[in-house]
Each structure stands twice: as structure tokens, then as C-alpha cells.
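Residue numbering restarts at 1 for every chain, and letters A, B, ... go by the order of the sequence lines.
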Amino acid sequence: MYDSKLVITGLAIFVILMTFPLWYNGGNAGDLPKVEKPTNYKQCVEDAAYMRTSHMVLLDDWRDEALREGKREKVKAGDIEVEKSLMNGCMMCHVDKAKFCDQCHQYAAVKPYCWDCHFVPKETL
Amino acid sequence: MDMKRRKFLKIAGLSTIAGIGAPAAFERLLNGEVPTISHASSQSESHSESEKPTGKRYGMLINLKTFREHQGMAEKCVKACHTVHNVPDFQNPKDEIKWIWETPYENAFTSKSHYYKNEEVHNNDALVLCNHCDNPPCVRACPTKATFRRDDGIVAMDYHRCIGCRFCMAACPFGARSFNWRNPRGKDEKSGRYFIDRATYNKEFPTRMRGVVEKCNFCVERLAKGLQPACVEATGHTKALIFGDLNDTNSEIRRTLSSNFTIQRKPEAGTLPSIFYIL
Amino acid sequence: MIEKALVGNSNYKKWITFLLVIMGIGAICYVRQFTYGLGLTGMSRDVSWGVYIAQFTFLVGVAAGGVMVALPYYIHNYKVFGKITILGEFLAVSSVCMCLMFIIADLGQPMRALNVLLFPTPNSMLFWDMIVLNGYLFLNILIGWVVLTSERKEVAPPAWIKPFIYLSIPWAISIHTVTAFLYAGLPGRHFWLTAIMAPRFLASAFAAGPALLIIVCMILKRFANFDAGKEAIQKLVTIVAYAALVNMFFLCMEFFTAYYSNIPGHMHTLEYLYFGLHGHNQLVPWMNLSVILPVIGIAMLLTPSLRIKESTMTIGCILIFVGFWLDKGIGLVLGGFVPNPLEEITAYHPTFNEIAITIAVWATGFFILTILYKLALGVHTELHGEDVIT
């Protein structure tokens with residue numbers, strides 16, 4: 001191989017840089033986020049495990065059903081019925097975006113753009 | 001020798017085909033089965049007549065007479081719509097977003113040319129909005145299905161999916177679409193005025209974000225709750241705006257349509273608008 | 001092969017640096033537009049497409065124009081074009097790259113651009129445009145690269161590339177046809193609603209594309225010691241002249257139909273562009289030039305004494321190229337929006353930021369073109385041992 005020294009050194013630097021977060025934190029993933037759950041309500045529209053992994057899928061499906069197919073019938077969450085809506089459904093129980101949504105989203109370093117358009121409870125734009 | 005034979009066969013074959021085909025073609029030309037007189041109006045061109053309408057098709061009747069009797073009511077309709085849908089007011093024509101607005105008669109109905117016009121009709125504004133066409137060109141143009149025609153005839157938008165290419169704006173023959181040239185939630189740098197009035201905004205309806213197209217949605221969110229569209233509600237009991245199902249023979253809009261002379265904007269574009277006007 | 005682009009004389013380095021500076025300024029302007037929104041441009045509710053889409057439309061034509069070299073060479077085995085065919089292909093590559101950049105610059109939500117693939121919509125012409133443009137880009141990169149590598153190895157191009165070459169010829173026609181369909185199928189835009197939109201696009205493309213190629217060849221002759229050959233250039237000049245003539249003929253057809261039929265909607269935009277409508281005449285001088293320049297250019301290219309002389313021939317090509325740029329890169333798109341569907345007239349003035357981004361995209365295109373031509377000419381020199389200064 002031509003310039004094998006240069007190539008191998010370059011590759012080594014690349015690998016070290018790319019794995020920086022792993023070895024710098026010593027394999028420690030940091031404190032798990034603490035999510036504040038609604039106190040007055042016990043049950044969500046799906047079980048907690050599903051909601052934790054797939055709430056975005058559910059929101060996408062709700063949006064397509066409500067908007068495109070006009071299927072806006074309410075969804076059961078334990079004893080109560082909620083609207084198929086982020087603003088007028090989810091956020092009715094999960095009233096505090098900062099303590100619920102943001103906790104995990106910050107930890108997972110995701111920035112959903114929901115709030116560019118949708119309102120947070122109590123928010124004045 | 002061989003070449004000649006092949007050539008002969010070719011010519012013979014072709015003449016046979018022509019001999020069989022020509023009389024049939026002439027016959028069709030001379031005394032075809034199609035009636036000599038038939039109609040090709042903008043109505044029958046489209047699919048609506050061949051495919052019988054099924055299900056709902058929402059529409060609206062705008063009675064400009066009633067609006068002339070109630071000066072200032074059209075303004076109320078515009079305000080009601082723009083407040084309930086958090087439509088920003090930029091106060092400059094370059095960034096302007098509007099779902100429903102008043103425009104001079106001649107701008108609303110562009111193909112009318114009268115020398116001797118009815119002053120009353122011509123000197124008053126008409127209310128214009130998305131026509132929720134039965135055959136919408138904007139939907140045809142959209143490359144992502146971000147704008148689509150629902151089964152109930154409403155032409156709606158999915159703001160999550162819109163890429164902001166503005167092909168729909170070029171396609172719409174009614175200028176009904178607006179684009180978010182900047183953040184609608186922002187404020188005027190000089191005066192500090194928010195584009196969406198913080199005192200009156202609707203918390204139950206989202207705003208839009210910059211870079212997407214928006215337009216009248218026939219108040220789908222209000223229809224789902226059994227309410228009338230916001231503009232219709234703003235006209236009170238005047239019947240200046242009648243909203244309903246065009247496919248329901250017993251609906252108020254159908255009855256009013258059959259007992260009055262009504263017109264649509266640009267019927268020649270073949271889009272089959274669902275908004276009708278009484279002048 | 002790519003290493004050939006990294007070395008060059010001082011002129012080459014100056015040119016590359018110049019392009020990079022413009023690209024840098026444009027990048028800053030794009031970041032500004034990305035964070036603020038398209039409100040930083042001069043576009044509005046009424047004129048909802050501006051210089052970006054106009055440049056895109058024009059450059060699709062330049063890309064398609066390359067076929068005027070490829071077709072005689074590959075299909076009719078016209079050997080004279082042998083030296084410049086690769087230049088035509090690489091011109092197409094850089095033009096399509098510019099087209100794609102202009103589209104992205106024009107999107108309100110560029111991060112969602114892939115929604116076009118995620119939710120394929122065959123009834124939208126924009127969906128098809130995306131397919132044909134990317135396909136054409138792929139074809140030209142593939143063909144250009146394979147042909148160039150074989151030339152370097154001094155062997156004939158492999159047989160498997162032939163089908164791709166043949167496919168690329170109708171494909172070139174398709175990119176400009178579909179681009180014309182973006183406009184020609186919209187009800188309520190009278191100026192665009194014309195069946196000769198696609199033919200006219202192709203005519204102007206077959207003039208503007210080869211015209212640019214001739215201009216570039218003249219520059220290469222002067223600065224890079226590359227001679228495309230007199231016969232090849234003269235043949236291209238003929239193509240440019242007649243294609244330009246056909247385009248002007250089509251323009252006359254538009255005027256006839258609009259004014260003889262006397263339908264107001266059909267006359268409004270022509271009136272606005274060429275004579276001024278209700279006092280709105282900001283585009284009139286430009287549009288007058290878009291007629292005058294090509295007419296002079298065509299006359300020059302059809303006059304034997306002026307066509308033979310390299311300097312006058314180049315000027316003729318420049319006049320045609322600039323004229324058609326004014327016609328398609330400004331008038332066609334902006335004109336379609338005036339008057340708007342409510343017959344209101346809204347003026348459009350591009351902003352500084354918008355123009356900076358536009359120039360930067362052009363600079364990026366020329367950057368790609370320079371690099372590709374450097375490779376092609378490098379291979380050429382390597383084989384023929386000519387003393388290339390660049």
C-alpha cells in the first residue's frame with residue numbers, strides 16, 4: 001500500500017475522535033431523565049412502554065387520521081376520553097412540557113419541531 | 001428476384017390493411033353514431049358528471065346582496081377567520097398571509113367585461129377565499145401530497161409535510177394561497193408588535209411555521225365539533241353565507257342554489273369551485 | 001485522476017480562489033436566508049417564484065443543450081465532435097448541479113426536501129422533474145467518467161456504456177420537456193398555458209447550451225491551449241444560429257396568438273413584459289434587449305464573413321446566450337405571475353441577499369465545471385503531450 005504510515009495514522013485519529021464521547025464518559029450514559037407524570041390521571045392511551053418508544057408514531061398516525069381521513073373520534077385513556085390531538089389531547093393531562101417532554105428530548109438530544117406551531121399549555125405564543 | 005418478391009408481398013399486405021381499414025374510417029366520418037350536436041361545456045368536461053357524486057361535498061354560497069345591505073359585515077368575517085386560525089398580520093403586502101379577504105368585484109370576477117355595468121354590484125367588494133375545487137389544480141401540482149382533497153370535498157393542508165416549493169401557489173387560478181415568508185410568531189422589529197395578536201389568539205388551533213404554504217381549511221376543526229365555519233358564524237342570522245353539503249338535495253345550500261341564479265369564479269378553468277355567488 | 005485538479009498555474013489558482021470567495025459570500029447569505037426564511041428575498045404572495053426558479057429553468061436548458069454535441073457524435077459518428085463531446089457532458093453535469101442548488105435555495109423547508117421521495121406523487125410535474133434531473137445528472141457523470149477513463153487508458157469505451165449513451169439523448173429532451181410542463185399545465189396562468197412551451201424551451205436550449213460551450217471553448221483556447229478544432233466550432237455555430245432562429249420564430253407565434261385572438265388574459269403578460277402594463281414597465285428594457293441581442297447575434301452567425309472570424313463569432317454567441325438568459329432566466333418566470341389571478345400587478349425586486357445566493361450558485365457551477373474540465377484536458381495533454389499552460 002502506498003503511504004501506509006500516513007493512511008493508518010489518519011484512520012487512527014479518525015477512530016479516536018469519533019469515539020470521543022464513549023471513552024470520555026467512561027461508558028457512563030449519565031443520569032436517566034426524570035419525567036414528571038400527571039398526578040390526576042393513571043392511564044394513557046397506550047401502555048407506558050409503547051408510549052416511551054413510539055409516541056411519535058402514534059402522533060403521526062393521529063395526525064393523518066384526523067386531518068386526511070376526518071377520523072376525529074375520541075380515544076380512550078382509562079376512564080377518560082381524549083381528543084386525537086397533541087395540543088388538545090396529550091397536553092391536557094401532561095400539562096408541563098418542560099418537565100415531561102423536554103426531559104427526555106434533551107437527554108436523547110432530539111429536537112422535534114412540534115412547538116414551532118403547536119401551543120404549550122399556559123403558553124402565550 | 002427474391003427482393004422483388006418481398007417487396008411485392010409488402011405492398012400487397014399494406015394495401016389489404018388499407019382496403020379493410022379505409023371504408024370503416026370513411027363510414028365513421030360520413031355517418032357516425034355520435035349526434036351532430038353535443039355539448040362541451042366546462043361542466044361536462046370534468047369528471048363530476050360522468051362519475052355521479054357520492055358522499056359529502058361541502059360548499060358555500062356567498063350572497064353579495066346581503067353583504068351590500070350589511071356594510072362592514074364582510075370585515076367581521078375576515079376578522080373572525082383570521083383570529084380563530086391565528087393568521088398573522090404583517091401589515092405589509094410582501095409578507096401578507098390571508099385566508100379570506102375582500103376584493104373589488106372586477107378582481108374577483110375577472111372575465112366579465114361590461115360597458116354598462118350595474119354600479120351597485122361593481123362598486124362593492126366581494127368576499128373571496130379558497131374555492132375548495134372539486135378538481136383542484138393545487139392538489140395535482142403538490143409533489144408531496146401535503147395538500148389534498150378530503151372525501152368531504154375540503155381541500156386541506158398538512159403543514160408538517162409541506163416543503164415550501166410553492167408549486168400550488170402557481171397552480172391556483174384564484175390566488176387563494178399564501179406563504180409564510182417569515183416566522184409568523186415573530187414580531188415587528190421596530191414597533192414590537194406581534195404578528196399574531198397575543199390578546200385574541202386561539203389556543204386550540206396551532207400557528208404555522210415559516211416556509212410552508214397555508215390557506216382556508218373550511219374550518220375542518222370546527223366542523224368536527226359540529227360548529228359552522230367561523231366566517232359563516234360571523235354573519236349571524238343574515239344568511240349572507242350559507243354553508244352545507246352540495247350533494248345533499250335537502251340541504252339549505254342546495255335549495256338556495258336551485259332557487260337563485262348563482263355564479264362561480266373562473267368556471268372556464270374547469271376546477272369546479274365549491275363557492276357560489278349571488279350578485 | 002482527481003489529483004489533476006489540485007495542481008495548476010497561477011491563473012488557474014486565481015480563478016479557483018475567486019470562485020471560492022464568491023461561494024463563501026453566497027454561503028453566508030444562504031445561512032441568513034435559512035434562519036430568517038424566504039422573506040429575505042423579493043418574492044411575495046403574488047410573485048411567488050423569483051430569480052431562483054428562473055435560473056433553474058434556464059439552466060435546465062443549458063444542460064439539455066449538451067445533447068446537440070452528443071447526438072451527432074454518438075449516433076451519427078460525427079468524429080469532429082470527438083474532442084468536445086466530453087466537454088458537453090461535463091457542462092451538463094455542472095448545469096444540473098446548479099439546477100438542483102437553485103431548487104434547494106427556493107424551498108421554504110429545505111430540510112424536508114426528501115418528502116418528495118418519501119411520498120411519491122406521480123400526478124405532480126415536480127416529482128417527475130426531480131426524477132429526470134437526477135437521472136440526467138447520474139447518466140452524464142457515468143458516461144463522462146467512463147469515456148474519460150477509457151481515453152486515458154487509450155482503449156475504446158466498454159460496450160456496456162453504449163445503452164446509457166443512447167438513453168441519455170432522449171433523456172436530455174425529457175428534462176426540458178418536463179420542466180416546461182411545470183408551467184404549461186397550470187390553469188389560470190395564461191402566459192404559461194401554451195402548447196409550444198416545451199418546443200420553445202428546447203429551441204432556446206439548443207441555442208443557449210452550445211453557445212455557452214463555444215464561449216467556453218474560446219476561453220480554453222486562449223488560456224488552456226486547448227483547440228476544439230475549427231470544423232467542430234463552425235458546426236456548433238450553425239446549430240446555435242438555427243436553433244436561435246427557431247426560438248425567435250416561436251416567440252412570434254406567441255405574439256400572433258395573443259394579439260390576433262385579442263383575448264385579454266393572453267395579451268396582459270406580453271404587454272407587461274415588452275411594452276409595460278398600466279405604467280408597470282420595470283422589465284421592458286430587459287425584455288427588449290432579450291429580443292434585440294439574439295436578433296443581432298443570429299444575423300452575425302449567419303453572415304459568412306462574421307461567422308468565420310473567431311472574435312465576431314464569439315460575440316454573436318455571447319449575444320444569443322445573454323438574450324436567451326434574459327428571456328428565460330428573467331422574463332418567463334416573473335412574467336407568468338403578472339398579473340396575478342386577481343388581475344392585480346405586483347412588482348418584484350430581487351434583494352441583495354437573493355442576488356448574492358444566485359451568483360454564488362453560478363460560481364459553484366463554474367467551480368464544478370472548471371474542476372471537471374481540468375481533468376478532461378489533463379487527460380488530453382497526458383496523451384497528446386501538448387504543452388498545456390494550465
For [Y], does its backbone N or O pair with a side-chain atom of [X] as donor and acceptor, under 3.5 Å?
X: A:H94; Y: A:C90; result: no
X: B:R210; Y: B:N180; result: no
X: B:D152; Y: B:K56; result: no
X: B:R265; Y: B:A108; result: yes
X: B:R185; Y: A:D116; result: yes

Are the aromatic rings of B:Y201 and B:Y194 close, with centres under 6.0 Å apart? no
Would you compute the distance between atom NZ of A:K97 and atom CH2 of A:W115 and round it to the nearest 0.5 angstrom? 6.5 Å
With only heavy atoms counted, which part of [X] is less than 4.5 Å from chain A, the side chain, the backbone, both or neither?
X: B:N202; value: backbone
X: B:R161; value: side chain
X: B:Y159; value: neither
X: B:N217; value: neither

Close contacts, residues 64-82 of chain A versus chain B, judged by heavy atoms under 4.5 Å: A:D64, A:A66, A:L67, A:R68, A:G70, A:R72
Sort out for me which of B:V220, B:D158, B:N183 touches chain A most, counting heavy-atom pairs under 4.5 Å. B:D158
Applying side-chain hydrogen bond (donor to acceptor under 3.5 Å, both in side chains) between B:T147 and each of B:E214, B:K215, B:R177, report the one that passes. B:R177
